[in-house]
Each structure stands twice: as structure tokens, then as C-alpha cells.
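Take a look at the structure set out below.
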There are 2 protein chains.
Amino acid sequence: VTRKVERALISVFDKTGLEDIGLFLKKFNVHILSTGGSAKKLAEAGCEVTEVASYTGSPEVFDGRVKTLHPKIHGGILAVRGNDKHEAEMKSHDIGPIDLVIVNLYPFEETVRSGADFPTCIENIDIGGPAMIRASAKNNAAVAIVTSASQYDMLKEAMTATGGCTTPELRKRLAGEAYARTAAYDGAIAKYFAGSLTQDNPDYKPVNFPNVYLPMRPLKYGCNPQQAPASLCSLGSNPLPFSVLNGTPGYINLLDAINAWQLVHELKKATGRAAAASFKHVSPAGAAIAKELTAHERAVFDIGDKPLTPSAQAYVRARNADPLCSFGDFAALSDEVDEATAMVLKVEVSDGIIAPGFDPAALEILKAKKNGAFIVLQADPTYAAPDLEFRDIGGVGFMQRRNAALFDESKLENVVTKNKDLPAEAKADLILASVTVKYTQSNSVGYALNGQMIGVGAGQQSRVDCVKLAGRKVTTWFMRQHPKVMGLKFKEGVKRQERVNARVRYIEGDMTELERVDFEKLLTEVPKPLTKEEKDAHMKTLTGVAVSSDAFFPFRDNIDHLNRYGVKYVVHPGGSVQDAQVNEAADQYGMVMAHSGLRLFHH
Amino acid sequence: VTRKVERALISVFDKTGLEDIGLFLKKFNVHILSTGGSAKKLAEAGCEVTEVASYTGSPEVFDGRVKTLHPKIHGGILAVRGNDKHEAEMKSHDIGPIDLVIVNLYPFEETVRSGADFPTCIENIDIGGPAMIRASAKNNAAVAIVTSASQYDMLKEAMTATGGCTTPELRKRLAGEAYARTAAYDGAIAKYFAGSLTQDNPDYKPVNFPNVYLPMRPLKYGCNPQQAPASLCSLGSNPLPFSVLNGTPGYINLLDAINAWQLVHELKKATGRAAAASFKHVSPAGAAIAKELTAHERAVFDIGDKPLTPSAQAYVRARNADPLCSFGDFAALSDEVDEATAMVLKVEVSDGIIAPGFDPAALEILKAKKNGAFIVLQADPTYAAPDLEFRDIGGVGFMQRRNAALFDESKLENVVTKNKDLPAEAKADLILASVTVKYTQSNSVGYALNGQMIGVGAGQQSRVDCVKLAGRKVTTWFMRQHPKVMGLKFKEGVKRQERVNARVRYIEGDMTELERVDFEKLLTEVPKPLTKEEKDAHMKTLTGVAVSSDAFFPFRDNIDHLNRYGVKYVVHPGGSVQDAQVNEAADQYGMVMAHSGLRLFHH
């Protein structure tokens, strides 16, 4: 039922709005009990306040550690209203009912983040506060429990509308949010203890993992429209490792953004060069590191004489791994986005970007894309993700250590072939391909050349299917450099993406009748189809390609296939029973192959 | 420091081992305070016990709701030992230090599971217990807090070794586990409140989501060996929805198993027929529903005249979508596994199976596979997964509603083509293809025929790439029925999987030199290669294929390509700006196409 607030207990760490709520309660002649700093502030504001210690009549002992842990407080909260026995006991023991409790807690996580030592963190654990919160929430049939200053308006509204009462709906909602608060509070403490116990003893196994997801940004829906509600959340009270500068990212945008960001951040760390990625459906369509473009490459990638900074070079290369798939991509850059990079993005169809920073001119250009809807996320490059990661599928929970292994040059030291000549650029390409497959849905195999991915084979169920799938992409990529393709004569006004698609379809050659009609409409001159012989002859000129596989090659046929795509450098984890046979194949082709010892499955 | 236990407070719901621990403490002359049922049981066992009410001298009011919420109890727990002021205050107020607290809570989740109403669930929330647990854990410098009977041995061991003391290491560990317990307890309460508030008002947005992962089964590692520790967890205290009957599943096995189980469970619900799936790397290599095999199919699938029950039919079909990829698969069956199904699995290379039941003979056959290492999981078919699902990536949390939409016949009602003739078997195939893509990494397109998947295109970044990738698989699948393939003459003793692989490689035709040598070794007679003309002519005889796409077809080229693979029935969500053009294409080929309105992205 609706209940008049006669007596309130107030004890808050966060004093936002405290005076205001005190004076509001005063208007309704509410008897205020309070403690310490809260009592002082309320009194100063002109409220009449009774100190809890004087109210309970209990001596102030143990530096106030047990002030509110008293039957007079907890009885006043917990006694069942309307229960004759309880009412009589309240009277006979001079216990007044408490109708409203306003308590908020010093956030434990902040103590931890401040770098305090173990005893200090523990000293900061609140005991009395959570006890009152929990008791009040339990007795929500009679008591309203306010645990955050953000709830004051809700309280004031209800009390104003009812002449100083609280409603059952309000009290139930506040009770739910009170337990949400204590759950989060104890979750943070438990996590801290588990971390400390694991530090004391690496073999220690925590009894559980309390993960509190705090909604930070509602999303329109999840993977699909029928999957609402959905939300981006922070874990515990940790801030999100990025901020939204522009646009309204969706669920899949964010999956792409976070994976892409991890990829470029690691790639930069491992190579020291600016890195870029172009994501679609939670796998990279392309990725690359900075490397000057030759005049030939500028022509193939159709970018004319645009000025290119290292970041811009990286994105042009990433976007040109598979420009057809990159249509509507999510881009990621390891470095601050400069104007040159923004100018490259300006003319591409793209959904959004994540990067550690944006120069003002670049940001203006990006914000103007898609009629202002282009998504711009700023990542915090200093953020370190937690060690353990969690997911649930069909109601089953999975915990694993994050795949934090950095794929750098040290993973290329174990060369198992006779040819051991790994030039610096080949190393960079192998690292690029490896970091890329690390963030590609498994199984995956990636081909790289000149600091750019040229074929990413994702999501296949057999190793050799990945090799071939990515190999077909490499063929398309390299055939774009064939004179007949570069010589296609487009009419004036044909758009960039139309040219990209037309070239790819011309290379693939399997156009339908209608596609052919449309294709020919774009051109001033109808080209002859590419013959198999022309393709084969051109592909034979491809050399120096680097390949990484997310798991070992089980049989030599993989190497035989790789050889068809000009592959010279290979890295895979090794460890197959057939390693000797696979090594022998690589030796036959004069390849340089390293065993990284590092499997990179990604799901 | 190591501290002698002089006084203990015991108040437990779970009375396992209570008498034993009471008598153990008696040996060390520990003064026991206790309440209600715990006190009674301890006294009966021969312990000397002081009732808390008589110890505090506080009247027993409000039906005992505030019994332990008393300065004499909380002071005894929280007073800082060795602090002169606190020590003096303890003395002057006759507060004895409490060195050991044994409190466990009635699991809130059990009250909820029992179907109790809201007031009963709330009435069961413990207030005094968590307050004592939290206070004791805070003061772990002096107090040991035992929250589970499973910790008694640890306590006894420490006290025995030290002549009745507790060590700082033990107390810290127990404190950490105490907060883990209260976090889980309040997490369960907060979840319950959030559910109830959402029921009251569907627009209610919970302030957070406390997900407590409870490790149920340690795993050797996660996705990769460097990702240890890893664990299978239950969410809250919900039991896992399956049990392990045999083998030691790994992380990726379990990802496969849970996805595969959801697929077959839904497929059975939607079609009423026994369903099977064959998973590899978290996507289905194949899936199928029960349908009698023709003599021709028996020959193509190389299973002779084995007796086949509906479940066995379904698995044979699922396995034969892409038998090369299904090598080492994780199998799932919607129905109890009978002996016929087990006999089919017996001769296949497979990692494990999940099903709702196993007949004893089938279980024996399966347990014997892989020298006893074959994984057998029994799923609980009555289990309903929670509504919301969570994951974290790189430290960022994602919440979304589970994709609970069932793809059944009702999703095929909106036929948008002139031809509206959807026979029952075509409907079944469209449902099969749709439920399959629902559990396939996106983008995905699936082709089905005769109750079985014949091409699953997974994990691609453009729609038409999926159409083509899966189309190539359909080609391989249908070419297995070409007389030249069926006529391959294998030598005696060539293994089943070797025959499967050899046929596929013969069809694909792109064998390397060495592969060709190995291939010819398997045969008594070297066949001529399949010509393009032979392939084309054979493919023209494929008809009646059903296709589902996890998102709409953006352009008509997809339909043009589908027509090359004998596709007659199509379902996709619809909603593209080009829908009219896509419909027109389908009409040109006389296809029957439905718009489901249901997007099925899966990541």
C-alpha cells in the first residue's frame, strides 16, 4: 500500500543532491536520522537531524564500525507493519519504524583503481551500509530504499504526488535496484579477492566469477531485429575502453570495431608500423601496415596521386585486399587519423571507424560522411583488457584466459626449412598475416604481400578449404594487376565502387547474362574475356607471398596448393604428425617456413 | 598472524557435517554461540552452546529478524584486535571477540525454482547471515569465515596443525570465498527482482546484470593452449543443461556441442522429424532430418544395406553434406540415440556426440570409440535457456536477447513469387536450411535437398560469396552421384574416409602431382579426369533444391547464381530496396520464393 514517510535514515558517501533531498523531506515533516558527514551537511542546510548513535543510545565504539548494526535500526527497518505482534514489540522497545532509507556506498572499485594496498582496500569495505540496504529492500512492502542520487527525482515525484508517501511500485523498483547495487559491490570485492589470492598462489581457483554487466549504451537490437533489448555494457564499474564521437553504432558494428581495434593495436605493437584493418561480419576483409605505394600500386588501387601518410597507406592497402567485400566496412587504425587518411575514407562506402585519435580536420571530414551517420569511435590505447573472458551460449557459461599472446618476430625464430632467409619485409608480412588470422573466424589462413593482406580465408571447416578459399581471393587480387583488367575503359561518371566490382566480376568471369549486360553498359569498349591461359600466365608472375595459418598444416597438399599462389614464406604453429612431410614439401619449393608454436583459433 | 579460536558463532542452513565440526571445536574448548536449529542440533550432539539471544541479552523480537544484528555480535566480529582503544571498549562493554563464524545461507535460487510466489521469495532473503559473513570477511585479519560445509576440512586441517588456530592464509582465502558467496546470493536476488519488475512493466530496464559464473568443469584450455585456465560454468546456480557420460570435452568441442544441440532441438520442434547435425569449428558441416534413403542414396553415401532408423537416416544425411569437412565432427541428435545410429557413427571418424538420451547398447558402442575417449553428452531436452545472453570481448560487455525465434512453416507463408507451389518436402527443406544457417557463422547461405543440407556457405563477407562458396559444395555433393565417380574402383582395404576424400578430390580435379600419385595408388583402374562438359551436363540434372539465406539478397545476381545449382525453392528475410528486382529474377526461373521477415545473423 501507499505509505506515509514519517522517519528516514540517511547515510551517503555521494553527497550529490543531499541538501536538496533533506529540505524536501523537511517539507513533509520527516524525522531524519543520520550519521557523520551526512548528518553534518544536512544540519548545515537547515534540517533537523538526529544522530544515529544518540537515537540507538548505544555507545559509539570501535570507531563507529557497528553504529547502525543495532536492533533499534534494523528492527525499525525490518519489523512487519500491520503485524500486531511486531507493532506491539516496536512500541514496548521504543523502536520507531523507519520508512525511508537513503544509503549509498563508497565505490570499492575506485579504491582499487586508486592503487591502494590490500589492507586499505579491505578497510574500505562497507559493512553497515549494505546491511541497511539489504534489510530495507527485503522489507520493500513498507520501506523505500534509495541507493543512488540518480533516484532522488523518482522519490520526490512519488512523494509529491501522494502528499509525502511512497508507493508499492516505487518501493519494489528501488528494492530491485538496491540488490543490483549490493550484488555489484560484493562482485567487485570478490573479484578483487580472487585476483589477490591468485597473486599469492597461481594455482588458486576462484569459487566463482561474479561478472556484473552495467548497461552503458542501449542498442537498437542485438545480432538481429528480433533480439531486443540489447546493450553495450561495461564490466564491473570499469569504464568502456572507447567513446562514441559520432553516429549510432549497432551490435555488429561494435563486434567489428572491438575486434578490429585489437587487431591493429597488436599489429602496431608487433611491427612498429601504422596498421589498418577493414572488417565485415566480425572477420577482417583486409588488414595492412604502412608501406609506401608504388606508382603501379596507385594505379591498381585507383587512388591517383592523393597524398598518403603512413596511416593512409595502411588503410588503402587494407581496403584493397578485397575491395568488393570491404563495401560498407568498419575501419580501424592503430594511429591518430590524419586528414590524408580521412580523405581516403571519404570516397569509400564505409560504416564507421575506430582509432586512438582524430585530428580535427579529419574528424570533420568523417563526421560529414553518410549524411552525418558515419560512426566514429575513439579507442583508449592505454586500456588493458581483463585477463579472463566470459560468454554464455544457450545458458552455458564459458570462461577462458584471453588470447593475449603477441605475435611478433620472436614467433618466427624456429625456421624448419633448409632455406632460412627471411628478409625484414617478409617477417613483417608473416606477422601481419598472423595477427590477421588471430582475429579471423576459424579455421583461417591468410596471405600477405608488401605489407597488405591479399587473401583472407575465414570460417572454413577444413584447412585445405581455407587455403583454397583465400587462394581464390589472391587470384582475384593479383589479376586486378593484369593489363587487360587495368585497361578496362570505363565511361565518365562510373562510380568508384562500380569500377571495383566490375573489375572483380570481369576477373571471376562467371557473369550471368544480365550481369554482362550491366557490365558492358559501364564501358566505352567491350573487352574480350580473360582466358584461362592468360590467367595462368599472369599468376605465374606472382612471387614473394607470405602465408600464416591459424593451426598446423595437417598434410603436404596445403603446401602444394600454396605454391600455386606464389607463396615463398610460411608460418604455422607446427605440431602435426605429418610435420616432416609438410617441411619436405616446403623445401621442394624453396620456401622458408617457421613454426610459431602458437595456435590462433578464434571463435 | 596465527590466531587461537576462542569463540565461534554458528548459524547454518545446510547442516551437513555440523555435528562433526561442533565436536571438533569442542575438543579445542571453543565457546560456541549459535541460533535456532543449528544450536539445537549442536546441543543434541553434545556441544555446549550459548544461544545468541541470551548472549546479547537483547529481547527476541520481530520473530528473530534482528537477532544477530547487534553490536555485541558485530562488535565481536569487527573490533580490531591489538588496537588498544578497541580492546578496551570490548572489555568495558562486555563484548567478547568472535574468532570463527560459520554461516551458510538458504540458497535463494532454490526458493525461486520451487515456484514460490513473490512475497515468499522475498521472505526467504537472509539479512542477518550476509551481514555476519561480510563483517567477518572484512575482518579476516582476525576472523575466519566459513560459508560452506565443503570448507570444513580446510578449517579442521589448519586448526589441527596449529593446535586450534587459524592462519592468515586460510582466513584470507575464506574471506574471498565469502564475498564470492554474498555476490552470488545478491546477484540471484537482483536477477529475480529484475525479472519480476520486467514482468510488471515490459519497458523496465534493469540497472545492471549480475552474472555469476560458477565453474563446473575445468577445461584443459580455452580456444588455444595458451588460453588456460578455462572452465565450463553454470550461470548462477542453475544446473548445466547437459551431463558428460563419457570422455573429456574441450572448449571448442563444447562450443560445437551446444550450438549443434540447439540446432537439432529446434529443427525437431519445427519439423516434427528426427534431426541430426555434424559440427566443425562452430558451424555445421551438415545437418538433416529423417527421411528414408533410396537405394541410389545408399550407394552414393557408401553405407550398404545397414538398417537405418529415423535418427540414423538423419545422421547419415547430415554427415554426407560435406563428408570431407565432417571428418572429426561433433554430432548432435534430436532424439534418443539408438543402436542403428550408433552403428553408423561407429565407422566414422568423429569426436563426440550430444543427444537427449542413449539406449544402453548404443551407449556401449559409442563409449568404445576412440579407445574410450569419444565424448558423449546427454542434453536435457526440457531445459530453457535464459532470455538474455552475455559475452565480453576485449573487456567490453555485450548483452542481447537470445535469438529464440523458431523457424517453422509459419515463416514460409509470405510467398512473393508467381509460383506459389510449396510441397511439404520443399517446406521441410527450407526449414532445415533456415535452422541450419541460424547456427552458422554469418554471412551464410544453405542449400538443402531431400531432408539434408547439401551445401553450407559459412563466414563470408559478401552475400554472393556465400552463394558461390556453398554452390561449389553443392557441385561437389551432386557430382558424387556422377557415374564416373560412383564407378571409381577402389582396391580392397581402402578405408571409408580415404574413399570419401578420393572421390571429392577426383571431382574437384585440382590435384597436385603428389596427390595424383597417392590417388592412383588407391585404385585398381586409373579413371579419366571429369571434363568440364561432363560436369556441366550432370549439374543440369540437379533440380528441386531449397535455399535459405541468413539475410536478404541485395541483388538479383544471387538468384542468377542459385539457378545454376538446380534451386527451385528460396527463403530469405526480404527487405532489400532491390526486392522487386530479386523477385523478378526468381519469377524468370519459375522459383518459389518466400520472405520470412526473420534475419538470422549469428556471431
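Convention: sequence-line order gives letters A, B, ...; per-chain numbering from 1.
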Determine the option with the most heavy-atom pairs under 4.5 angstrom with chain B, choosing from A/Ala188, A/Ala190, A/Gly397, A/Gly395.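 The answer is A/Gly397.
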Do you see a donor-acceptor pair shorter than 3.5 Å between the side chains of A/Ser462 and B/Lys280?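 No donor-acceptor contact under 3.5 Å links the two side chains.
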For the candidates B/Ile127, B/Val66, B/Asp550, B/Ile77, which exhibits the highest count of non-hydrogen atom pairs separated by less than 4.5 Å from chain A?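 Max contact count across the listed options: B/Ile127.
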So, is the end of the B/Lys172 side chain (NZ or CZ) under 6.0 Å from the ring centre of A/Phe118 and within 45° of the ring's axis?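 Yes, B/Lys172 sits over the ring of A/Phe118.
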Quick check: do [X] and [Y] have side-chain heavy atoms less than 4.5 Å from each other?
{"X": "B/His70", "Y": "A/His74", "answer": "no"}
{"X": "A/Pro71", "Y": "B/Leu69", "answer": "no"}
{"X": "B/Pro130", "Y": "A/Arg134", "answer": "yes"}
{"X": "B/Arg65", "Y": "A/His86", "answer": "yes"}
{"X": "B/Tyr185", "Y": "A/Thr182", "answer": "no"}

Hey, which of A/Glu389, A/Arg599, A/Gln400 is the one that makes side chain to side chain contact (heavy atoms under 4.5 Å, CB included) with B/Cys223?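 One option only clears the test, and that one is A/Gln400.
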How many angstroms lie between CZ in B/Phe193 and CD in A/Glu177, if you round to the nearest 0.5 Å?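 One finds 10.5 Å between CZ of B/Phe193 and CD of A/Glu177.
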Look at the side chain of B/Gln226 and the backbone N and O of A/Ala404, then say whether any donor-acceptor pair between them is shorter than 3.5 Å.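 Between the backbone of A/Ala404 and the side chain of B/Gln226 there is no qualifying donor-acceptor contact (under 3.5 Å).
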Side chain, backbone, both or neither: which part of B/Phe555 has a non-hydrogen atom closer than 4.5 Å to chain A?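 Contact with chain A involves no heavy atom of B/Phe555 at all.
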For a side chain to side chain contact (heavy atoms under 4.5 Å, CB included) check, start with the C-alpha distance between B/Trp261 and A/Val396, then their side-chain angles and the critical distance, and finish with the verdict. CA-CA 12 Å; B/Trp261 164 250; A/Val396 179; over 6 Å; no
Which of parallel (below 30°), tilted (30 to 60°) and perpendicular (above 60°) describes B/Phe390 and A/Tyr213?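 Aromatic pair B/Phe390/A/Tyr213 classed tilted.
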Listed by chain and number, what are the side-chain hydrogen bond (donor to acceptor under 3.5 Å, both in side chains) partners of A/Asn563, not counting sequence neighbours?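 None.
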